[in-house]
Amino acid sequence: MTLNELKEKCEGCTRCELCGGRTNLVFGCGKEDADIMLIGEGPGENEDLQGLPFVGRSGQLLDKFLAAVDLNRNKNVYIANMVKCRPPKNRDPKPEEQDTCIYWLREQFKIIRPKIIVCVGRISAQKLISPDFRVTKEHGLFIEKNGVLMMGTYHPAAILRNPNNKEEAFKDWLALREKIKELDLNV
Ligand code: URA
């Protein structure tokens, strides 16, 4: 199956109540066989309107971090979220919504087969790395899970709220660049 075929299947999803509030499904974007995959939490207002992940203010900051380490959402990474429909008033996706929607994310992993997964923010890090993941303590550390390297970093929205974390967050993206070099990945 291709990502487009999977997306078509996902378009009509009514597996959880978030479907009732969506304008557009935010399936993901980027390179179909990217070695690097980024996972955020869920679509906000702009993402819901455009059907694309990270296109608001957070997304602009994310794109800057990516550009600084020679990555680009249209060239060498794939970006998705824990949930594909916007939670009401941008609340955190509920555990049960994530548990339901992870079905689609797993199908995306099977097609894309990333070598490194970067969890952008606490929500995805706690779901995909460890339930007690603390961004302030564990950001930037790579751990291997099922043959894939995983790393959690600050969510750009958290950096916009507290710019003091920007420098620390940037180090995580530099660590990612080093890891890409070390593994000689195709980016
Ligand atoms: N925040 C996220 O976690 N994901 C998006 O797509 C947009 C904002």
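Keep in mind that what you see is a predicted model, and the values were worked out from it rather than measured. Reckoned from all heavy atoms, side chains included, excluding hydrogens, waters and symmetry mates. Whatever order the structure lists them in is the order used to number ligands and atoms, beginning at 1.
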> Where the side chain of Ser124 meets the backbone of Glu41, is there a donor-acceptor pair that is under 3.5 Å apart?
Replying inline: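 Flag not set: sc Ser124 to bb Glu41 has no pair under 3.5 Å.
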> Going by the angle between their ring planes, with limits at 30° and 60°, are His155 and Phe54 parallel, tilted or perpendicular?
Replying inline: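 Aromatic pair His155/Phe54 classed tilted.
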> In terms of the angle between their ring planes, are Trp173 and Phe65 parallel, tilted or perpendicular, with boundaries placed at 30° and 60°?
Replying inline: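 Trp173 vs Phe65 ring planes: parallel.
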Looking only at distances, please establish whether an N/O atom of ligand 1 is found under 3.5 Å from an N/O atom of [X].
X: Asn81; value: yes
X: Gly42; value: yes
X: Pro53; value: no

> Are Ile112 and Val83 joined in one hydrophobic group, where the rule is that I, L, V, M, F, W and Y side chains link up if heavy atoms are under 4.5 Å apart?
Replying inline: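 Result: no, two separate clusters.
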> Using a heavy-atom cut-off of under 4.0 Å, does the side chain or the backbone of Glu41 touch ligand 1, or both, or neither?
Replying inline: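 For Glu41, the contact with ligand 1 is made by both the backbone and the side chain.
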>> Using heavy atoms and a 4.0 Å limit, tell me yes or no: is Met82 in contact with ligand 1?
In response: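 Not so, Met82 does not reach ligand 1.
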> If hydrogens are left out, which of Arg86, Glu47, Arg57, Lys84 has an atom nearest to atom 7 (C) of ligand 1, that is, the closest non-hydrogen atom?
Replying inline: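 Among Arg86, Glu47, Arg57, Lys84, the closest heavy atom to atom 7 (C) of ligand 1 belongs to Glu47.
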> Going by the order shown, which atoms of ligand 1 are within less than 4.0 Å of some heavy atom of Gly40?
Replying inline: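 Answer for ligand 1: 3 (O).
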> What do the steps show when you test Arg22 against Asp48 for salt bridge (Lys or Arg N to Asp or Glu O under 4.0 Å), and what is the final call?
Replying inline: CA-CA 6 Å; Arg22 78 171 166 239; Asp48 174 66; over 6 Å; no
